[in-house]
Amino acid sequence: QSLPNNYGRMISGLNFHEISIPFHENLLGLKSYSTTSYWPLDSIGTIVGYNHYTHSLDFLNLKESRLSHVIQLSKEGPNGIYDKVCGIYPYKKDSIWIYDHINFYLIDNVGNVRKKIFLGDRDLIRIDTNHRMYTAKFAYNASKHSLSFLVDKGNGYAINEYSIDDGQIINEYNLLPSVYNKDGKQMFADMNCPNVSFTNEKIIYNYPYESTIYVFNLQTKEHVKYGASSQYTTNIANECSNAQNYKMWEKHGVTNTHFYDVMYLSDLQIYVRPHLKGIDYNSKKSFQELGDSRELYLMYLNADFQIIGEFKMKDFTYSYFTGWCALPDAVLLFKNNSLSALEEYDKMLIDIIDVPVNR
């Protein structure tokens, strides 16, 4: 059932550049962030990360290697953001869209809520960055003044486009089922929901339990499937043998390969997909130790979704709690692993991974 891989001009390797961001008493960041977004409004190179300890948006200035500023979020009152932020879409300096499992919020640069949108049963909307489950982002279209996001239809998944002006769903695009699980009856514990990312012209999605990449073209309304099988790991997870047993559920998550969302590097017009190799279960080790000892791979694809490289990252180094972010011309990985020999407590360490291709 798997699709054949197609290859383009292979890249020769990757360039690694480490950035160290010190912590200060008045600006305390995290060692790594699991929910991040690139800040496209300056030439400095800034990412926004949600700090779940302080319930804030932290802005990391990569050029100057510093935590530049913080937007403190409220939990109560008219500006309350009630739950953990699981999606971020910066639009303007005073217009940042976020989602917290309950509402969409449009906030300004000091955390005031300019607009709040509740779309009913929150369980139907699937927006999250969860290392065990899936990474489904949302997108804001300024010309149409709309939000696009993943929804669970019960018998499948779809992308809904919501018009902010009209207050209603104006488009719905059904997603294809996995080529390995066409009837949706196989269960893969936490990995059943697809990953979703957006470009201006495409909806890109993939299922965490298998390697195929699916693309929906917003202009032609056509679906295309691409083979993206790893040369180093298995490309389909085993079905969860006992969904009622929580230990078996947890075991399934670390012993199987997990494919994450396909990220777009806009300046290079290429894509990159992280995935983790499964590991043999050892009852003498904690799930954290097992999880942090897995192998991380990055697969690069060109604009036609042809594979142009697949690379193993250094062991015991990076955060596997979705600790990565796409930049226009590189991938950012947070260096934060419980098994690492590094003992840096007063700073954040980041690797910027550059790709030597024509720009």
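Between His223 and Phe216, the two ring planes are tilted [angle within 30° to 60°]. Tyr260 and Trp324 have perpendicular rings, their planes meeting at more than 60° on a 0 to 90° scale where under 30° would count as parallel. The aromatic rings of His69 and Phe59 sit parallel to each other, their planes meeting at less than 30°, with 60° as the upper class boundary. Using the six-membered ring where Trp is involved, Tyr226 and Phe305 have ring planes that are parallel, under 30° apart on the 30 and 60° scheme. In this structure, Tyr89 and Phe138 have tilted ring planes: the angle between them lies in the 30° to 60° band.
With hydrogens and angles disregarded, no donor-acceptor distance shorter than 3.5 Å links the side chain of Asn192 to the backbone of Met187. A distance-only check finds no donor-acceptor pair linking the side chain of Arg132 to the backbone of Met191 [under 3.5 Å]. A side-chain donor-acceptor contact under 3.5 Å links Asp100 to the backbone of Tyr82. Looking only at distances, no side-chain donor or acceptor of Tyr50 sits under 3.5 Å from a matching main-chain atom of Lys84. Panel note: side chain Arg126, backbone Asp152; no donor-acceptor pair is recorded below 3.5 Å. Remark: side-chain polar atoms of Asn195 are paired, donor with acceptor, to backbone N or O of Phe259 under 3.5 angstrom. Formation of a donor-acceptor pair under 3.5 Å by the Asn256 side chain with backbone atoms of Gly278 is not found in this model. Without hydrogens or angle criteria, Gln288 side chain to Ser338 main chain gives no donor-acceptor distance under 3.5 Å. Side-chain atoms of Ser293 come within 3.5 Å of backbone atoms of Glu289 as a donor-acceptor pair (strictly under, hydrogens ignored). Side-chain N or O atoms of Asn235 include one that pairs as donor or acceptor with a backbone N or O of Ser230 at under 3.5 Å.
Heavy atoms from other residues, nucleotides or ligands lying under 6.0 Å from NZ of Lys144 number more than 12. Under a cut-off of 6.0 angstrom, the local environment of CG in Asp280 is sparse, with at most 12 non-hydrogen atoms contributed by other residues, nucleotides or ligands. Around NZ of Lys247, the count of heavy atoms belonging to other residues, nucleotides or ligands within 6.0 Å does not exceed 12. For Asn200, the CG atom is loosely surrounded, since the number of other residues' heavy atoms within 6.0 Å does not exceed 12. Applying the 6.0 Å contact sphere to NZ of Lys92 captures no more than 12 heavy atoms from other residues, nucleotides or ligands. The number of heavy-atom neighbours closer than 6.0 Å to CD of Glu64, taken from other residues, nucleotides and ligands shown, is above 12.
The cluster map of Ile, Leu, Val, Met, Phe, Trp and Tyr, joined by side-chain heavy atoms under 4.5 Å apart, puts Tyr281 and Leu339 in different clusters. In the hydrophobic cluster analysis, where Ile, Leu, Val, Met, Phe, Trp and Tyr join through side-chain heavy atoms closer than 4.5 angstrom, Phe149 is grouped together with Ile117. Clustering ILVMFWY residues whenever any of their side-chain heavy atoms sit less than 4.5 angstrom apart, transitively, puts Ile204 in a cluster other than the one holding Tyr209. Placement of Leu268 and Tyr264 in two distinct hydrophobic clusters is found when ILVMFWY residues are connected by side-chain heavy-atom separations under 4.5 Å, directly or transitively. If you chain together hydrophobic residues whose side chains sit under 4.5 Å apart, Val272 and Met299 never meet in one group.
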Begin from the C-alpha positions of Asp58 and Asn51 and carry the test side chain to side chain donor-acceptor pair (under 3.5 Å) through to its verdict.
CA-CA 7 Å; Asp58 296 350; Asn51 188 326; 3.0 Å; yes
Using the rule given for side-chain contact (heavy atoms from CB on, under 4.5 Å), can you reason through Asn217 versus Val224, listing the C-alpha separation, both sets of side-chain angles and the distance that settles it, and then say yes or no?
CA-CA 8 Å; Asn217 188 306; Val224 184; over 6 Å; no
Test ring pair (Phe, Tyr, Trp, His ring centres under 6.0 Å) applied to Tyr271 and Tyr300, step by step
CA-CA 6 Å; Tyr271 301 89; Tyr300 289 83; over 10 Å; no
Walk me through it: do Ile98 and Ile96 pass the test side-chain contact (heavy atoms from CB on, under 4.5 Å)?
CA-CA 6 Å; Ile98 59 177; Ile96 303 170; 4.2 Å; yes
Go through it in stages, so that I can follow the logic: the residues are Asn141 and Leu147, the test is side-chain contact (heavy atoms from CB on, under 4.5 Å), and I'd like the CA-CA distance, side-chain angles, deciding distance and then a yes or no.
CA-CA 6 Å; Asn141 186 312; Leu147 296 165; over 6 Å; no
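Taking both residues in full, the closest heavy atoms of Phe198 and Lys137 are given as CE1-O, 3.1 Å, listed atom of the first, atom of the second, then distance. Minimum heavy-atom separation, Ile127 to Gly87: CG2-CA, 4.4 Å. The two residues Ala330 and Ile352 make their nearest non-hydrogen contact at CB-CG2, 3.7 Å. Shortest non-hydrogen contact noted between Tyr134 and Pro208 is CB-CG, 4.3 Å. Smallest separation of non-hydrogen atoms from Ala228 and Asn5: N-OD1, 3.4 Å.
The ring of Tyr205 has its center no closer than 6.0 angstrom to the ring center of Tyr157. Taking the six-membered ring where the residue is Trp, the centroids of Phe321 and His131 are separated by under 6.0 Å. In this structure, Tyr297 has its ring center under 6.0 Å from that of Tyr232.
Cys325 places none of its side-chain heavy atoms less than 4.5 Å from the side chain of Ser37. Put simply, the side chain of Pro194 reaches to within 4.5 Å of the side chain of Tyr207, judged on heavy atoms. Lys225 is listed as a side-chain neighbour of Thr212, based on a closest heavy-atom distance under 4.5 Å. Residues Ile164 and Lys115 are in side-chain contact: their nearest non-hydrogen atoms beyond the backbone lie under 4.5 Å apart. Side chains of Leu301 and Ile308 form no contact here, defined as non-hydrogen atoms less than 4.5 Å apart. The closest side-chain heavy-atom distance from Ser146 to Asp166 is not below 4.5 Å.
Considering CD1 of Ile19 and NZ of Lys347, their distance stands at 13.5 Å, rounded to 0.5 Å. Atom CD1 of Ile350 is separated from atom CD1 of Ile47 by 5.5 Å, given to the nearest 0.5 angstrom. The distance from the CE atom of Met133 to the OG1 atom of Thr322 is 12.5 Å, given to the nearest 0.5 Å.
Inspection of the Asn160 and Tyr162 side chains reveals no N or O donor paired with an N or O acceptor under 3.5 Å. Counted by atom type alone, Thr35 and Thr129 present one or more donor-acceptor pairs between their side chains at under 3.5 Å. A side-chain donor from one of Thr257 and Thr234 sits under 3.5 Å from a side-chain acceptor of the other. Asn206 and Tyr214 share no side-chain donor-acceptor pair at under 3.5 Å. A donor-acceptor contact closer than 3.5 angstrom is absent between the side chains of Asp165 and Ser163. For the 3.5 Å distance criterion, the side chains of Asn336 and Ser32 qualify, holding a donor opposite an acceptor.
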Show me the side-chain donor-acceptor pairs of residues 70-77 shorter than 3.5 Å, one per line, residues at least two apart or across chains.
| from | atom 1 | to | atom 2 | distance (Å) |
| --- | --- | --- | --- | --- |
| Gln72 | NE2 | Thr54 | O | 2.8 |
| Gln72 | NE2 | His55 | O | 3.0 |

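With salt bridges taken as basic N to acidic carboxylate O contacts below 4.0 Å, none links Arg114 and Asp108.
Annotation: side chain to side chain contact (heavy atoms under 4.5 Å, CB included) contacts of Phe16 (sequence neighbours excluded): Leu14, Met313, Tyr318, Asp351, Ile353. Listed by chain and number, the residues in a ring pair (Phe, Tyr, Trp, His ring centres under 6.0 Å) with His52 amount to none (sequence neighbours excluded).
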